[in-house]
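Before any comments, here is the structure.
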There are 2 protein chains.
Amino acid sequence: MRIGELAAAAGTTTRTLRYYESRGLLSARRDGNGHRTYDEDDLAQVRQIRTLQDVGFGLEETRPFVECLRAGHAEGDSCPASQVVYRRKLDELDSMIEQLAAAREKVARQLARAERARDGLAADALVPGGPEPVCELGGRE
Amino acid sequence: MRIGELAAAAGTTTRTLRYYESRGLLSARRDGNGHRTYDEDDLAQVRQIRTLQDVGFGLEETRPFVECLRAGHAEGDSCPASQVVYRRKLDELDSMIEQLAAAREKVARQLARAERARDGLAADALVPGGPEPVCELGGRE
DNA sequence: GTACGGCTTGACGCCGACGTCAAGGCAACG
DNA sequence: CGTTGCCTTGACGTCGGCGTCAAGCCGTAC
């Protein structure tokens, strides 16, 4: 398999594969013309990388998985080092989600406040249970 | 107020303030020495920018808020354009949170699977030809 | 012959929000 | 007088993951 075929099979580009190689995440044999040659194991490694990238892993974080595959394991995540990365990523995702949720609430509160101000500071607009003073998010812009 | 003082008051750096100016988000008078001079309004603008940045707004997204302040409003979000940005950011945050939550679940499932495989592998290793727990992440198509 | 497609290496571009260094000016302090 | 400290502009560096262009080689089809 040559680089273009591998790229097509993995759903990526030749540039990306050469980049992976430059980062030491992929290795290639060469044929008589100096062209890179790959086999099914290489395809599996690239697929592993892509799968992880899609879920938000950085390239460096995929390294243990690739090395696990290279070590002969059928799954890149069967090695302890890979699972350590999984757990780290879980924590990372949790804190990111937490941060985003907090940011979302801040923005939502600010928007609600700004809309109340725009609609005028009538007293009933601030009374909870009043005749729905806010929340007309749709239309009219 | 000179640039260093403004930076200190706003909790940022002089480099950042000059950068804002280069982006047209901040304007400065000059004193006899060619040094930038600022007043309280400028401080309010910088604080508005920083507040938004902290919640995840890009610099360009802060522009309507700054212009709103410049237009004489006491709050940067009292202008319609600012509130449009708020709503856009809310949607953006929602979809980001959604994506991250989905990613989190995928990782969690993969980790659980890998751990089951590891635990089961000890038993399987003693019984070659036994049941093979294979399960792949659906990821890309 | 020559056009074409696929391969090679090398190197610069991109995005965002600055950090950091360079080289110099002006004021105050001792 | 020199040193410190704040200011000026300009320009390159950073991080990630590639995109894109350049120049050239190789084999095949027409």
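No hydrogens, no waters, no symmetry mates; every other heavy atom, side chains included, goes into these values. Chain letters run A, B, ... following the sequence lines, proteins first and then strands; every chain starts at 1.
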To the nearest angstrom, how far is R50(A) atom CZ from dG16(D) atom C1'? 13 Å
Any side-chain donor near an acceptor of the partner, Y20(B) and R50(B), under 3.5 Å: yes
Does E61(B) reach the side chain of R88(B), with side-chain heavy atoms less than 4.5 Å apart? yes
First contact, last contact: which nucleotides of DNA chain C are these for chain A, 5' to 3', heavy-atom distance under 4.0 Å? dC7(C) to dA11(C)
Counting any heavy atom closer than 4.0 Å, what does R23(A) reach on the DNA or RNA strands: base, sugar-phosphate only, or nothing? nothing
May I ask you to decide if R2(B)'s main-chain N or O and E5(B)'s side chain share a donor-acceptor pair within less than 3.5 Å? yes
Please name the residue in the list T51(B), I49(B), T62(B) that meets the side-chain contact (heavy atoms from CB on, under 4.5 Å) test with F57(B). T62(B)
Side chains of D77(A) and Q110(B) only: does a donor on one sit below 3.5 Å from an acceptor on the other? yes
Taking NE2 from H35(A) and P from dT28(D), how many angstroms apart are they, rounded to a whole number? 12 Å
Please determine if a side-chain N or O atom of R15(B) lies less than 4.0 Å away from the OP1 or OP2 oxygen of dC6(D). no
Has T13(A) got a side-chain N or O lying under 4.0 Å from the OP1 or OP2 atom of dG19(D)? yes
Side-chain N,O (Q53(A)) to OP1/OP2 (dG16(D)) below 4.0 Å: no
Does D31(B) reach the main-chain N or O of N33(B) with its side chain, forming a donor-acceptor pair under 3.5 Å? yes
Looking at five pairs on each end of the helix from dG1(C)-dC30(D) to dG30(C)-dC1(D), what is the angle between the two axes, given to 10 degrees? 40°
